[in-house]
A.B. asks: 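The structure under discussion is supplied below as structure tokens; questions concerning it will follow.
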Protein chains: 2
Amino acid sequence: MDDLDFPKFVPLFENLDDETLQKISELGKRKTFGRDSIILMEHETGHALFVIISGKVKVSRESDDGREVILTYLSPNDFFGEMALLDGLTRSATVTAIEESELFIIERADFLDLLYDRPEVSVSLLQELTRRLRAADMKIKSLSLKDAEGKVATVILQIADEVGKIKQGVVEIEKLPYQHDLANMAGTSRETISRTLHGFVKKGLIELDGNKLRITNYEEFRKQFS
Amino acid sequence: MDDLDFPKFVPLFENLDDETLQKISELGKRKTFGRDSIILMEHETGHALFVIISGKVKVSRESDDGREVILTYLSPNDFFGEMALLDGLTRSATVTAIEESELFIIERADFLDLLYDRPEVSVSLLQELTRRLRAADMKIKSLSLKDAEGKVATVILQIADEVGKIKQGVVEIEKLPYQHDLANMAGTSRETISRTLHGFVKKGLIELDGNKLRITNYEEFRKQFS
DNA sequence: CAAATTTAGTGACTTTTCTCACAATATTAA
DNA sequence: TTAATATTGTGAGAAAAGTCACTAAATTTG
């Protein structure tokens, strides 16, 4: 089985036998989305499950006045679209490719068949949704009772957990998002992001170097803002 | 089949045949929790799934300084505990009975067996988690970009959707939670809740009458704050 | 039913954060 | 390489919401 249409190591499908994988591969199709192209719009009805093969996408919601809230970024092996797919309601968020991204797409009906046929796929899916719900609850807590400093710290920690590299006890984020985007993630303003980050530098909690950010004492930082 | 240990109409189990229902009933057990008793603590490891038979519980997270964030209230037929149960991580929230509540409890291993054996239970569960994730995303959006008025409105709408009764075009919440709790749900202060609610009354959006709250023009209210 | 306790309303002041304005860098395109 | 554009830094004033202190009302308890 090496003519699969998607990487075999997608965790969502990790426990399936080769025959089933082959079948899934035939059911779905690949599609490439260019940088900044919209993959799904808020309020659109859900027809398919999308698995990210390569690239990076942004999941966001937008308010009337045009301001956007970035809910999360997704990377290869992550998937989305499952919400509208399962409950048939309209989608809750907009998904945009932030760099050229290749996706594997399975239609709703085919995916539902798979769930009934292969309980282990459901369990994988449940674990992932559970992980996201936990992250969402953490974010709600952060937004509810923290001041600007705490919110920014929470966002930094979230990014560090997703893409941070550990180098001799120091956690490094190599490509920190723009302050504008950090503001949308933290629920604060761009200026506050700038001031807060420099506040952290002054306190010796982090180091900034271009768009690299190093958390010099990760344990301490985490403890102070968890 | 009328000697079941839990109500047959729990949506989570709605598509199961009588034999399976009977088996589940034997696997789990009932337990009653008194008012204000803690059912699950944050950071405790997950061993079981809890289905609410009667009563009402509160799901919350607490910060170091003792302030609490109410994530949601759950009512009969709702369930919880599934997060720690699926991913094995520690729990993300504390669950407290806010009135005497009777719960049906299934141990982790038994429930996992059920999931593999009965794909439709997984799909039910997926739908519910999906619903919660959608609600959580909405709340994150609300907390991120709304002012106090918007946050309070979002909480009122959320409560109205859960327990509001529609009486000739007017949506009525019969037992509005205490302002203290509304504040913890909205991520604001008790005083701001008081002032904001009276602001809504002045604008003719709602009516207050003891602990009843009527949204006089639901459509308009929803439109203004969605 | 009176006293005690909870819950709610509100003014005054404080603090935080936002917003605006503009300068300083950095990055990209011509 | 220079110009154009995008991103970041920062002061100052405005606005929003929090906190404190106290009163009023409602509810519970003895």
Side-chain angles (χ1 to χ4, degrees), chain A residues 35-36 58 63 65-70 98-100 142-156 159 173-203 206-213 225, chain B residues 34-36 58 63 65-70 98-100 142-156 159 173-203 206-214 225:
Chain A
R35 189 188 144 102
D36 289 332
K58 171 177 82 176
S63 67
D65 63 357
R67 282 199 293 174
E68 120 181 288
V69 184
I70 296 175
I98 57 176
E99 51 188 65
E100 179 166 299
S142 166
L143 289 170
S144 293
L145 47 75
K146 286 184 179 163
D147 57 10
E149 202 172 57
K151 291 178 194 174
V152 176
T154 301
V155 167
I156 296 301
I159 296 174
I173 298 169
E174 279 171 1
K175 279 196 301 180
L176 193 68
Y178 295 140
Q179 293 186 354
H180 170 86
D181 289 331
L182 291 174
N184 287 335
M185 296 173 81
T188 183
S189 68
R190 203 232 356 124
E191 293 90 333
T192 296
I193 294 286
S194 177
R195 290 188 245 261
T196 307
L197 286 179
H198 285 278
F200 287 157
V201 172
K202 271 207 195 82
K203 288 186 192 169
I206 66 170
E207 284 171 15
L208 285 171
D209 169 15
N211 52 11
K212 287 192 186 49
L213 183 155
F225 295 106
Chain B
R35 189 187 144 101
D36 289 333
K58 171 176 83 176
S63 67
D65 62 358
R67 284 197 294 174
E68 123 181 287
V69 183
I70 296 175
I98 57 176
E99 51 188 67
E100 180 165 298
S142 166
L143 289 170
S144 292
L145 46 76
K146 285 184 179 160
D147 55 13
E149 202 172 59
K151 291 178 195 174
V152 176
T154 301
V155 167
I156 296 300
I159 295 173
I173 297 168
E174 278 171 3
K175 281 195 302 180
L176 194 68
Y178 296 142
Q179 292 187 354
H180 169 86
D181 287 333
L182 291 174
N184 287 335
M185 296 173 82
T188 182
S189 68
R190 205 236 349 130
E191 293 89 336
T192 295
I193 295 285
S194 177
R195 291 188 244 260
T196 307
L197 287 180
H198 285 277
F200 287 157
V201 172
K202 272 209 192 81
K203 287 186 192 169
I206 66 171
E207 284 170 15
L208 284 172
D209 168 17
N211 52 12
K212 285 192 189 46
L213 183 155
R214 273 183 298 281
F225 295 107

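Proteins get letters first, then strands, A, B, ... in listed order; numbering begins at 1 in each.
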A.B. asks: Would you kindly give the CZ-to-P distance between B:Phe200 and C:dG9, to the nearest whole Å?
C.D. replies: 14 Å
A.B. asks: I need the CG-C1' distance between A:Leu197 and D:dG9, as an integer number of Å.
C.D. replies: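 These atoms are roughly 12 Å apart.
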A.B. asks: Report the distance from atom NE2 of A:His198 to atom C1' of D:dG11, rounded to the nearest whole Å.
C.D. replies: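 Checked: the NE2 to C1' distance equals 15 Å.
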A.B. asks: Within the pair A:Thr188 and C:dC18, is there a side-chain N or O less than 4.0 Å away from OP1 or OP2?
C.D. replies: yes
A.B. asks: Does B:Thr192 put a side-chain nitrogen or oxygen below 4.0 Å from OP1 or OP2 of D:dA17?
C.D. replies: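 No, because none of the side-chain N or O atoms of B:Thr192 sits under 4.0 Å from OP1 or OP2 of D:dA17.
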A.B. asks: In whole angstroms, how far is the P atom of C:dA26 from the CD atom of A:Gln179?
C.D. replies: 13 Å
A.B. asks: In the structure I gave you, are the side-chain heavy atoms of A:Val152 and A:Phe200 within less than 4.5 Å of one another anywhere?
C.D. replies: yes
A.B. asks: Which pair of non-hydrogen atoms, one from B:Ser194 and one from B:Gln179, has the smallest distance, and what is that distance?
C.D. replies: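 For B:Ser194 and B:Gln179, the tightest heavy-atom pair comes out as CB-OE1, 3.5 Å.
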A.B. asks: In whole angstrom, give the distance that lies between atom NZ of A:Lys151 and atom P of C:dT16.
C.D. replies: 13 Å
A.B. asks: Which residue, B:Ile70, B:Leu182, B:Val155, forms the side-chain contact (heavy atoms from CB on, under 4.5 Å) with B:Pro177?
C.D. replies: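 Considering B:Ile70, B:Leu182, B:Val155, a side-chain contact (heavy atoms from CB on, under 4.5 Å) with B:Pro177 is found only for B:Leu182.
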A.B. asks: If I take atom CG in residue B:Leu208 and atom P in nucleotide D:dA26, what distance separates them, rounded to the nearest angstrom?
C.D. replies: 13 Å
A.B. asks: Counting only side-chain N and O atoms of A:His180, is one of them less than 4.0 Å from OP1 or OP2 of D:dT7?
C.D. replies: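 Looking at the OP1 and OP2 atoms of D:dT7, neither is under 4.0 Å from any side-chain N or O of A:His180.
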A.B. asks: Considering heavy-atom distances to DNA chain C, does A:Arg190 or B:Tyr178 have its closest nucleotide positioned more toward the 5' end?
C.D. replies: B:Tyr178
A.B. asks: Taking side chain as C-beta onward, heavy atoms only, is A:Ile206 less than 4.5 Å from A:Ile156?
C.D. replies: no
A.B. asks: In whole Å, I'd like the distance from the CG atom of B:Asp181 to the P atom of C:dT6.
C.D. replies: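 Distance, rounded to whole Å: 15 Å.
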A.B. asks: To the nearest Å, give me how far apart CG (B:Asp147) and C1' (C:dT17) are.
C.D. replies: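 Between C1' of C:dT17 and CG of B:Asp147: 13 Å.
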A.B. asks: Check this for me: does the side-chain of A:Arg195 come within 3.5 Å of the base of D:dG11 through a donor and an acceptor?
C.D. replies: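 Yes, a donor-acceptor pair under 3.5 Å.
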